[in-house]
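Heavy-atom basis, side chains included; hydrogens, waters and symmetry copies ignored. Sequence positions, counted from 1, serve as the residue numbers for this chain.
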Amino acid sequence: MRTHVVSRGGLPRQGQNSSSVRSANLAMVLREIVDGVDSPSRAEVANRLSMTRSTVSRLVDELIEGGLVNEGEAVAGSRGRPAVPLTAAPDTVVALGIEVNVDKICLAVVDLAGNVINARSKTMDCTAVAAAEVLDEIARLARGVCDRLEEGTTLVGIHLAIPGLVDREGRTILRAPNLRWDGVVPAEHLTDLLRTLDVPFRVGNDIDASGLTVIEELRDAGDDWASFIYITGEVGVGAAVILDRQLMTGRHGWASELGHVCVDPDGDVCGCGARGCLETVAGLPAVLRATGAKDLSDVLARLSGADPVALDALRTVGRAVGQALSAAMNLLDVGNVVLGGYLAACAPWLTDELLAEVRTRVLWGSYSPIEVTTVDDAPSRTARGAAMASLAHIVADPAAWLDARQAGSVHG
């Protein structure tokens, strides 16, 4: 259900001035255009938001003038005047998303329409060197990417996504066990870059970032997939909980650490220091040890060849993931699951065990369907999601962007 801050026709409610009403209405209109599964016309936006067409038309004109929205070619309908579709403007406002993980650094420049207009990645053992060295390399790569932005394109933010916990302010990496980073403040190492670019900078969790991209990837799947648990397996096991196409982050932003749910109290010690976490069974290193394979390609080859050791190992993974998901489903009442990373690649050999666990353990499992799907490997998924997180402040408050642009305080 939408909550509107203005009545039909754009009249302010008691206690609101015209400036705050304009800001709220611009944000609602832009979000309707950016987040919609279609490309709505002005009339359709007005109808969905219960505003007059004249109010929406005035707001859309502002967004077009500010480079945030494009108006396309008229499309003839069944009756009445042809509809003119509205879309987020490409290439004008962009953000830089950066993923740092155990074995790689990925960067993506993304525009308001969700297009990746530039991307770069580098293989790097980020656990073999100090955090400062990794961040120095990030700064070097980021300069190269930003130097190639075309004239008229404005960078509005940078978001660094890491596999770990970050403080509420998005400044300090409190704990990233797989990177072996604790108490790292990236901005202190990226000072020259941030001073040069002069844009907002935040740090966030990597799976939260990739979850934002998965929301977009499943948008055409309909309302049945508006809520789901996204779980991905790489070195560790990460998860994101999506409720009504919104990322559930928790009070501190630390929600969804499914990889550290205990599935075996007597199991191996996890990188976090606890014993028997899901990661100790379902993380890719654990799978390689259990199968005797050298990498994921080798695992898949063994599975395809019906190697009994590999098949048994993946059944064990499926059971463990199902046990952890069952706890989350019982708690959250979310019945759809999206597998990513190596879990998606190995889905044919683990999904049956996973479903058997959740159908047995989830209290409401016999009353509502539980569905599992996969998303293909996308090297820039996390970096793209990080950039989208950075663009969120423009969508949330386009009036601030428009006013700053008109005042000449932002430059392409």
Participant: May I ask you to say whether E217 pairs ionically with R381, meaning some side-chain N is under 4.0 Å from a carboxylate O?
Facilitator: yes
Participant: Can you tell whether the side chains of D397 and R31 come within less than 4.0 Å, N to carboxylate O?
Facilitator: no
Participant: Report the C-alpha separation of E62 and R22 in whole Å, then their side-chain angles, then the decisive distance to 0.1 Å, and conclude whether the salt bridge (Lys or Arg N to Asp or Glu O under 4.0 Å) test is met.
Facilitator: CA-CA 11 Å; E62 274 200 76; R22 167 182 169 266; 2.9 Å; yes
Participant: Side chains of I105 and S121: does their closest heavy-atom pair fall under 4.5 Å?
Facilitator: no
Participant: Is it true that a side-chain atom of T172 and a backbone atom of V185 form a donor plus acceptor pair closer than 3.5 Å?
Facilitator: no
Participant: Are side-chain heavy atoms of V237 and I231 found at a separation under 4.5 Å?
Facilitator: yes
Participant: Can D61 and R42 be counted as an ion pair, charged N to O under 4.0 angstrom?
Facilitator: yes
Participant: Check the surroundings of atom CZ in R171: do more than 12 heavy atoms from other residues, nucleotides or ligands lie under 6.0 Å from it?
Facilitator: no
Participant: Considering only heavy atoms from C-beta outward, does the side chain of C146 approach that of L197 to under 4.5 Å?
Facilitator: yes
Participant: Ion pair present between R302 and D298, side-chain N to carboxylate O less than 4.0 angstrom?
Facilitator: yes
Participant: Counting distance only, does the side-chain N/O of S57 pair as donor-acceptor with the main-chain N or O of R53 below 3.5 Å?
Facilitator: no
Participant: Is there a donor-acceptor pair under 3.5 Å between the side chain of T191 and the backbone N or O of E188?
Facilitator: yes
Participant: Could you tell me whether the side chain of D312 and the main chain of P308 form a donor-acceptor pair under 3.5 Å?
Facilitator: no
Participant: Side-chain contact, heavy-atom cut-off 4.5 Å: L314 with V287?
Facilitator: yes
Participant: Answer yes or no: is there a donor N or O on one side and an acceptor on the other, between the side chain of D125 and the main chain of D103, under 3.5 Å?
Facilitator: no
Participant: Find out whether K294 and L288 are in side-chain contact, i.e. whether some heavy atom of one side chain is under 4.5 Å from a heavy atom of the other.
Facilitator: no
Participant: Are R319 and D352 within salt-bridge range, i.e. N to O under 4.0 Å?
Facilitator: no
Participant: Begin with the C-alpha distance, continue with both residues' side-chain angles, and end with the deciding distance and a verdict on side chain to side chain contact (heavy atoms under 4.5 Å, CB included) for S41 and V84.
Facilitator: CA-CA 5 Å; S41 66; V84 180; 5.5 Å; no
Participant: One thing to verify: whether K104 and E234 come together as a salt bridge, which I'm taking to mean a side-chain N less than 4.0 angstrom from a carboxylate O.
Facilitator: yes
Participant: Has D223 got more than 12 heavy atoms of other residues, nucleotides or ligands less than 6.0 Å from its CG?
Facilitator: no
Participant: Could you give all pairs that pass the ring-ring contact (aromatic ring centres under 6.0 Å, His included) test and reach residues 253-278, with sequence neighbours left out?
Facilitator: H252-W254
Participant: With sequence neighbours excluded, tell me which residues meet side chain to side chain contact (heavy atoms under 4.5 Å, CB included) with A286.
Facilitator: R289
Participant: Quick check: does any side chain N or O of T280 sit under 3.5 Å from a backbone N or O of V269, one acting as donor and the other as acceptor?
Facilitator: no
Participant: Classify the side-chain pair T52/T55 by whether it contains a donor and acceptor separated by less than 3.5 Å.
Facilitator: yes
Participant: For residues 333-376, which residue pairs pass the ring-ring contact (aromatic ring centres under 6.0 Å, His included) check, not counting sequence neighbours?
Facilitator: none
Participant: Identify which one of I162, I158, V184 satisfies the side chain to side chain contact (heavy atoms under 4.5 Å, CB included) criterion when paired with V203.
Facilitator: I162
Participant: Does atom CD (E65) have a neighbourhood of more than 12 heavy atoms from anything else shown, all under 6.0 Å?
Facilitator: no
Participant: Where the side chain of T291 meets the backbone of V299, is there a donor-acceptor pair that is under 3.5 Å apart?
Facilitator: no
Participant: Just by modelled atom types, is the R148 backbone N or O under 3.5 Å from a matching donor or acceptor in the N118 side chain?
Facilitator: no
Participant: Sub-3.5 Å donor-acceptor pair from the side chain of N70 to the main-chain atoms of A89, do we have one?
Facilitator: no
